[in-house]
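Proteins come first, then strands; the chains are lettered A, B, ... in the order of their sequence lines, and each starts at number 1. A quick note: this is a predicted structure, and the numbers were derived from the prediction, not measured. The basis for the numbers below is simple: all heavy atoms, side chains too, and nothing from hydrogens, waters or symmetry mates.
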There are 2 protein chains.
Amino acid sequence: MKIALIGFGTVGQGFVEVLALKQQFLQNKYDLNLNLVSIADIKYGSILDPAGIVPVKVLNHFRKHGNLFDFPTQIRPEDSFRAIKQSGADIIIEATPTNLKTAQPAIDHIRLAFELGKNVVTCNKGPVALFYPELKALAQKKQLAFKFESTVMSGSPIINTALYSLKGCEFKKIRGIMNGTTNFILTQMEAGQHYAEVLTEAQRLGYAETDPSGDVDGWDTLAKVVILANVVFGGQIKMADVKRKGITGLSLEDIQNGLKKGFRWKLIGEISLTENGLSAKVEPQMVPLDHPLAMVMGTSNAISFTTDLLGEVTITGAGAGRKETAFGVLNDIINIAQSKA
Amino acid sequence: MKIALIGFGTVGQGFVEVLALKQQFLQNKYDLNLNLVSIADIKYGSILDPAGIVPVKVLNHFRKHGNLFDFPTQIRPEDSFRAIKQSGADIIIEATPTNLKTAQPAIDHIRLAFELGKNVVTCNKGPVALFYPELKALAQKKQLAFKFESTVMSGSPIINTALYSLKGCEFKKIRGIMNGTTNFILTQMEAGQHYAEVLTEAQRLGYAETDPSGDVDGWDTLAKVVILANVVFGGQIKMADVKRKGITGLSLEDIQNGLKKGFRWKLIGEISLTENGLSAKVEPQMVPLDHPLAMVMGTSNAISFTTDLLGEVTITGAGAGRKETAFGVLNDIINIAQSKA
């Protein structure tokens with residue numbers, strides 16, 4: 001199974017690290033030979049070798065040089081699109097940075113991959129949040145796989161649970177804590193730290209970006225809500241259709257008052273099937289302390305599915321992380337490889 | 001896809017109810033026509049109709065007569081084995097009562113089904129806990145599916161998570177609350193009720209059997225631990241290899257003392273991969289109140305997987321229930337049908 005990696009940032013590098021670690025294990029356990037034939041990155045350079053790139057060699061080179069410009073390779077594709085075309089890969093891994101306004105360049109990478117008859121795995125929220133109905137139809141038309149477990153709660157099994165393990169259920173509601181940064185901030189505020197203080201700490205720890213608005217204003221959660229609404233409920237929801245409120249309005253006093261009443265404030269993403277169709281929102285909610293979501297602290301995340309046959313099922317796990325996200329990509333690849341075998 | 005149901009007790013009836021409810025949905029959503037051709041039960045009688053049995057008709061008849069002896073049918077198989085042979089079914093659903101000592105008659109039903117080239121779905125812990133390595137090898141040799149999601153935490157996605165959604169991870173530990181009756185008893189004791197008092201209430205509510213030892217002495221949890229050890233870790237563990245301690249030794253005082261120290265007593269099933277191989281046990285443990293397992297109250301159950309790439313993932317959901325168990329069976333059937341399509 002030949003794979004090509006588009007985007008060699010944190011997750012792309014994490015994926016190659018996981019591949020280095022797991023290549024032998026995959027061969028032994030699943031009789032699966034994953035052959036990485038190309039890595040393309042606009043900043044670090046692009047390489048392509050039909051005979052296969054050795055993960056550990058790329059990683060060592062990258063650690064030493066900070067790029068792939070001088071990495072010995074058969075072919076040096078001019079850009080990511082040429083890498084996809086020339087790769088001969090069965091699966092394209094789209095791991096470029098997320099853009100929630102245009103989904104570029106990921107959406108064009110994925111469209112090209114499908115056009116060329118290649119399966120796609122992505123951890124990029126942009127194309128799934130903005131273009132899922134189109135991409136699903138494209139993949140179906142060509143009988144190709146389109147998988148994206150890592151777009152929601154990194155590799156924690158959310159998409160797989162909904163689409164594989166809950167097959168046969170009808171969904172009534174999905175509700176969860178889908179962003180690690182805001183959950184970390186709320187957890188620390190409970191211990192008495194002020195918002196601004198915790199934000200600085202979160203930035204220092206690498207949990208929050210210099211411009212924290214993507215997290216604290218709820219945009220990241222919103223993208224995940226749109227993904228779940230369209231993927232699990234078969235909706236046609238757009239980012240602009242979802243009511244959004246972040247955590248910046250929450251004071252220490254709000255948090256303490258909530259606890260006194262037996263509730264914990266959490267930033268909740270929620271999709272419900274109502275008589276008037278799908279309703280989706282992102283907002284801070286007071287969650288009763290005896291609900292599974294109330295116990296999700298720090299950077300952990302959790303999502304509860306409410307279904308007709310199984311009642312409520314909650315998955316708690318990592319919401320982010322280099323290795324955790326790379327795992328989700330690997331899991332998607334293994335499942336594609338096995339379904340095509 | 002022709003299916004035959006062996007065992008028409010609580011779960012078998014629940015499955016036919018779910019089928020009645022979902023037949024049209026399955027057709028619309030998955031283009032899947034599930035055709036129930038036989039029901040065989042040693043107590044209520046056996047029926048077989050190659051053209052298909054209408055679920056709602058069977059249910060109405062059973063509600064009225066309490067058995068299937070006079071239900072109009074093409075063929076009346078003499079016993080369950082003949083039902084399997086004559087059914088022409090693609091999938092056999094094994095739903096007879098659990099026997100943790102011999103796994104009979106389920107184990108013989110499953111062996112016969114595989115011999116005849118039929119896929120098997122079971123919610124019966126006996127054959128999986130006692131004979132998994134043999135049954136897995138039989139199924140693989142004949143390229144047949146063997147699925148059993150409902151043997152652990154009813155239809156809550158435990159087996160599917162381990163075998164599908166965590167593919168690519170290596171497991172270090174599995175730990176969980178796997179029995180609803182004991183968790184209900186411990187929850188009520190926390191509110192101040194004595195063990196004997198709660199047990200009587202649990203029996204009245206139908207959560208506990210007249211002889212409660214299967215639950216309170218940890219046998220049910222033990223069977224699930226053996227299933228997880230052998231299925232997820234590829235072990236060859238027997239029931240007798242697992243240390244077992246139930247909840248009958250826990251006093252109100254123990255429970256209150258635990259809470260004062262920040263811990264909650266839970267009956268825990270645990271499997272760990274150690275330097276000396278697999279270690280498995282069932283015992284009451286003091287779980288820190290901020291751990292996801294501590295918040296699992298009443299008849300809810302939860303299982304945490306500790307893995308190399310994804311850290312800890314916890315699934316919380318129904319541990320038992322007629323509809324919930326029937327759902328797990330249905331999910332297995334859908335996944336088999338789609339993988340064979």
Side-chain angles (χ1 to χ4, degrees), chain A residues 14 18 21-22 25-26 29-30 32 149 153-162 164-170 234 289-298 300 302 304-305 307-318 321 323-335 338-339, chain B residues 14 18 21-22 25-26 29-30 32 149 153-162 164-170 234 289-298 300 302 304-305 307-318 321 323-335 338-339:
Chain A
V18 163
L21 201 70
K22 291 283 181 169
F25 168 80
L26 297 173
K29 180 148 185 183
Y30 305 112
L32 178 61
E149 177 60 81
M153 269 179 71
S154 71
S156 299
I158 298 303
I159 307 294
N160 278 330
T161 297
Y164 185 86
S165 307
L166 296 178
K167 228 179 262 175
C169 276
E170 282 159 84
L289 284 171
D290 59 359
H291 189 276
L293 291 183
M295 288 311 294
V296 178
M297 304 301 272
S300 287
S304 291
F305 297 94
T307 66
D308 57 345
L309 296 179
L310 195 56
E312 191 169 286
V313 187
T314 303
I315 321 282
T316 309
K323 204 171 37 137
E324 291 80 356
T325 305
F327 158 69
V329 171
L330 179 66
N331 179 264
D332 283 344
I333 292 172
I334 300 172
N335 281 322
Q338 293 190 332
S339 75
Chain B
V18 164
L21 200 70
K22 291 283 181 168
F25 168 81
L26 297 173
K29 180 147 184 183
Y30 306 111
L32 178 61
E149 177 61 79
M153 269 178 71
S154 71
S156 299
I158 298 303
I159 306 295
N160 278 330
T161 296
Y164 185 86
S165 307
L166 296 179
K167 225 180 264 174
C169 275
E170 283 158 84
L289 285 170
D290 59 359
H291 189 277
L293 291 182
M295 289 310 296
V296 178
M297 304 302 273
S300 287
S304 291
F305 297 95
T307 65
D308 58 344
L309 295 178
L310 196 58
E312 192 169 286
V313 186
T314 303
I315 320 282
T316 309
K323 203 171 39 138
E324 292 80 356
T325 305
F327 157 70
V329 172
L330 179 65
N331 179 266
D332 282 345
I333 293 172
I334 300 172
N335 281 322
Q338 293 191 332
S339 75

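- The minimum heavy-atom distance between Y30(B) and K167(A), with the atom names listed, is OH-CG, 3.2 Å.
- Between M295(B) and L289(A), the closest heavy-atom pair is CE-O, 3.2 Å.
- Pairing each heavy atom of L310(B) with each of P157(A), the nearest pair is CD2-CD, 4.1 Å.
- F327(B) approaches S165(A) most closely through the heavy-atom pair CZ-O, 3.4 Å.
- Heavy atoms of D308(B) lying under 4.5 Å from chain A belong to its backbone as well as its side chain.
- Of the atoms belonging to Q338(B), it is side-chain heavy atoms, and not backbone ones, that fall under 4.5 Å from chain A.
- When the candidates I334(A), T325(A), L32(A) are compared by the number of heavy-atom contacts under 4.5 Å with chain B, I334(A) comes out ahead.
- For chain A, the nearby parts of L166(B) are the backbone and the side chain; heavy atoms of each come within less than 4.5 Å.
- Of all the listed residues (D332(A), V313(A), T161(A)), the one sharing the greatest number of non-hydrogen pairs under 4.5 Å with chain B is V313(A).
- L309(B) has its side chain out of reach of N331(A): every pair of non-hydrogen atoms, C-beta onward, lies at least 4.5 Å apart.
- Contacts of V296(B) with chain A are absent, with no heavy-atom separation under 4.5 Å from either backbone or side chain.
- The NZ atom of K22(B) lies 6.0 Å from the SG atom of C169(A); values are rounded to the nearest 0.5 Å.
- For a residue to count as touching a neighbouring chain, one of its non-hydrogen atoms must lie under 4.5 Å from one of that chain's; by this rule Y164(B) touches chain A with backbone and side chain alike.
- For the set G317(A), G155(A), A318(A), the count of heavy-atom pairs under 4.5 angstrom toward chain B peaks at G155(A).
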